[in-house]
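We number each residue from 1, following the sequence as shown.
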Amino acid sequence: MKKLISENTIEELYNSGKMRLEVDMADTIVTPQAQNSAQKLGVELVEIKTKSKVSYADKQKIINEVQKHFSGGRFSKSKIENAIHNVLAGLNDLS
């Protein structure tokens, strides 16, 4: 069964302080009202192409831990995020 992202889902996300939602479009239906609400509130809907075995929250924990080890500023957060995303996508391809 597909997951449904409604306007209420977006508003709850926004009210909790979260401004990003990763969406696997193969397993999710995003209503037009949810898309409009996300745009209006500035909530970023990020389409992921593969179903991640690691949740967004867990991915953020990994990113934060890696940043602690490379705290000298040598690597930007976006480079770390991209590297971790690529590693996790590669793991999904192996399964």
Problem set entry | Closest non-hydrogen atom pair, Ile10 against Ala34 | CG1-O, 3.6 Å

Seminar exercise, completed: dist Glu7:CD -> Lys40:NZ (nearest 0.5 Å) comes out at 6.5 Å

For this session: Kindly indicate, with the supporting measurements, whether the criterion side chain to side chain contact (heavy atoms under 4.5 Å, CB included) is fulfilled by Lys3 and Asp27.
Result: CA-CA 6 Å; Lys3 181 178 177 182; Asp27 292 334; 6.0 Å; no

Exercise. Could you give the distance from NZ (Lys61) to CG (Asn64), rounded to the nearest 0.5 Å?
Worked result: 10.0 Å

Exercise. Which value, rounded to the nearest 0.5 Å, describes the distance between Met25 atom CE and Glu47 atom CD?
Worked result: 5.5 Å

Problem set entry | Exceeds 12 heavy-atom contacts within 6.0 angstrom, atom CD of Gln60 | yes

Problem set entry | Spacing of Thr28 atom OG1 and Ile5 atom CD1 [to the nearest 0.5 Å] | 6.0 Å

For this session: Tell me, with the steps shown, if Ser6 and Gln33 meet side chain to side chain contact (heavy atoms under 4.5 Å, CB included).
Result: CA-CA 7 Å; Ser6 68; Gln33 294 88 350; over 6 Å; no

Exercise. Rounded to the nearest 0.5 Å, how far apart are CD1 of Ile84 and CD1 of Ile63?
Worked result: 4.5 Å

Exercise. If every non-hydrogen atom of Met19 is compared with every non-hydrogen atom of Leu41, which pair is closest and at what distance?
Worked result: CE-O, 3.4 Å

Exercise. Distance-only, no hydrogens or angles: does the Ser16 side chain make a donor-acceptor pair with backbone N or O of Leu13 under 3.5 Å?
Worked result: yes

Seminar exercise, completed: Ile29 and Lys2 have their tightest heavy-atom pair at CG1-CD, 3.8 Å

Problem set entry | Full working for salt bridge (charged side-chain N to carboxylate O under 4.0 Å, His left out) between Lys59 and Glu22 | CA-CA 11 Å; Lys59 191 186 305 183; Glu22 289 187 354; 3.3 Å; yes

Exercise. OG1 of Thr9 to CG of Leu21: how many Å apart, nearest 0.5 Å?
Worked result: 8.5 Å

For this session: Under the side chain to side chain contact (heavy atoms under 4.5 Å, CB included) rule, what do Val23 and Val30 come out as? Steps first, then yes or no, please.
Result: CA-CA 9 Å; Val23 181; Val30 181; 3.9 Å; yes

